[in-house]
Amino acid sequence: MNKKVLAFLIAAAVSVMSGCGDQPAPEPAAEAPEDAEPQAVELSDTIVLPDGWEISDAISAAEVEAILGRTGYSYWHETLSDPAAGKPQGSYFDGSLAASKINFLVYTFDGPANFDRVSGYVNDSTEVEGDLWDRAIIGTMGGAIDEVSVGMLILRGDVCIRIKWDAAVYEGYDRIELSVKLAEQLINNLYGGPRDL
């Protein structure tokens, strides 16, 4: 083989192996280790929804259904809801059974005072620790005749949240686990966390 051809082929091979000319070969993307912790979501210090928001803006039927593992839920407008006064309230129910309502009430101001007042209606309360709130309790609350509701009351800054659901209708659910999942989803949505549904 001609020495010039051989020298050309060697130079070409070296050039290809070094990333074609003077450009360095791109570094492969670093993969996250399998045991890496998920990045914590940074939530706002205040509610990010526009003034006059309703519970249906703060949590959707699809989000409630995903937590419950059930479908067919519809929004139930609560007559005592007063978003203009900072007291939006609404429920989701299974479309047929009124007792299936999962009720959300948010006091958007005077959180500590509202927490203290409403906590008087929560019986057999247990404190629940969580990163998304300053204080939370879960217990039972009175409702309609023969109804025993699970009630969770949450204080986050100047906001107080109450979540209520009928223990008889949701007999197979852990009271603390279900309440915490509902609370975490609502708080995530209120304070600007990512929403998939």
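Hydrogens, waters and symmetry mates play no part in the numbers below; they use all other heavy atoms, side chains included.
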Quick check for you: to the nearest 0.5 Å, what is the distance between Y191 atom OH and T46 atom OG1?
8.0 Å

Note: S74 and G95 closest approach over all heavy atoms is OG-CA, 4.5 Å

Between D134 and G157, is there a donor-acceptor pair closer than 3.5 Å when you use the side chain of the first and the backbone of the second?
yes

I'd like to know whether E63 forms a side chain to side chain donor-acceptor pair (under 3.5 Å) with S60, so could you lay out the CA-CA distance, the side-chain angles of the two residues, the decisive distance to 0.1 Å, and finally the verdict.
CA-CA 5 Å; E63 289 167 325; S60 69; 3.3 Å; yes

Counting N and O atoms only, with roles assigned by atom type, does the side chain of Q89 sit under 3.5 Å from a partner on the main chain of D82, one being a donor and the other an acceptor?
no

Hey, what do you get for CD (E171) to CG (D166), rounding to the nearest 0.5 Å?
10.0 Å

Any side-chain heavy atom of S119 sitting closer than 4.5 Å to one from I137?
yes

Any heavy-atom pair between the side chains of V106 and L186 that's under 4.5 Å?
yes

Quick check: do K87 and L80 have side-chain heavy atoms less than 4.5 Å from each other?
no

Identify the two heavy atoms, one from A58 and one from L190, that lie closest to each other, and give their separation to 0.1 Å.
CB-CD2, 3.6 Å

Shortest non-hydrogen contact between M152 and A183, atoms and distance
SD-CB, 3.9 Å

Value rounded to 0.5 Å, distance of CG in L49 from CG in N189
8.0 Å

Indicate, with yes or no, if L97 and Y75 share a hydrophobic cluster defined by side-chain heavy-atom contacts under 4.5 Å among Ile, Leu, Val, Met, Phe, Trp and Tyr.
yes

Ignoring hydrogens, what is the shortest heavy-atom contact between G111 and C160? Give both atom names and the distance.
O-CB, 3.7 Å

Does any non-hydrogen side-chain atom of I161 lie less than 4.5 Å from one of R156?
no

Kindly compute the distance separating CD1 (I102) from CD1 (I163), expressed to the nearest 0.5 Å.
9.0 Å

Are the side chains of V169 and K101 in touch, meaning some heavy atoms are under 4.5 Å apart?
no

Rounded at 0.5 Å granularity, tell me how far CD in E177 sits from NZ in K181.
4.0 Å

Has the side chain of S44 got a donor or acceptor atom that lies under 3.5 Å from a matching backbone atom of G192?
no

Considering only heavy atoms from C-beta outward, does the side chain of P112 approach that of D158 to under 4.5 Å?
yes

Short question: side chain of D116, backbone of A113 - any donor-acceptor pair under 3.5 Å?
no

Hydrophobic clusters here meaning ILVMFWY residues chained together by side-chain heavy-atom distances under 4.5 Å, can you tell me if V64 and W76 are in one?
no

Test log, rule side chain to side chain donor-acceptor pair (under 3.5 Å), inputs E184 and N188
CA-CA 6 Å; E184 288 176 341; N188 173 79; over 6 Å; no

Between N103 and S91 (side chain of the first, backbone of the second, donor and acceptor by atom type, cut-off under 3.5 Å), is there such a pair?
no

Applying ring-ring contact (aromatic ring centres under 6.0 Å, His included), run through F93 and Y73 and close with a yes or a no.
CA-CA 5 Å; F93 78 118; Y73 278 71; 7.9 Å; no

Between L178 and L68, is there a side-chain heavy-atom distance shorter than 4.5 Å?
yes

I would like to know whether R162 and N114 meet side-chain contact (heavy atoms from CB on, under 4.5 Å); could you show each step before the answer?
CA-CA 10 Å; R162 192 211 64 209; N114 282 304; over 6 Å; no

Solution key, residues 120-133 side-chain donor-acceptor pairs under 3.5 Å, sequence neighbours excluded:
residue	atom	partner	partner atom	Å
E127	OE2	R135	NE	2.9
E127	OE2	R135	NH2	2.8
W133	NE1	V128	O	3.0

Six-ring centre of Y170, R70 cation under 6.0 angstrom, axis tolerance 45°
no

With sequence neighbours excluded, residues passing ring pair (Phe, Tyr, Trp, His ring centres under 6.0 Å) with F115
none

Applying a strict under-4.5 Å side-chain criterion to I, L, V, M, F, W and Y, I'd like to know whether I176 and F104 cluster together.
yes

Identify the two heavy atoms, one from T140 and one from R175, that lie closest to each other, and give their separation to 0.1 Å.
CG2-NH1, 3.6 Å

Neighbour count >12 (heavy atoms, 6.0 Å) for atom CG, D51
no

Restricting to non-hydrogen atoms, name the atom on G72 and the atom on E65 that form the minimum distance, rounded to 0.1 Å.
N-OE2, 2.9 Å

Hey, are the side chains of Y92 and L182 touching, using non-hydrogen atoms and a 4.5 Å cut-off?
no

Going by atom types alone, do R117 and Y107 pair a side-chain donor with an acceptor below 3.5 Å?
yes

Do F109 and I47 share a hydrophobic cluster (ILVMFWY, side-chain heavy atoms under 4.5 Å, transitive)?
no

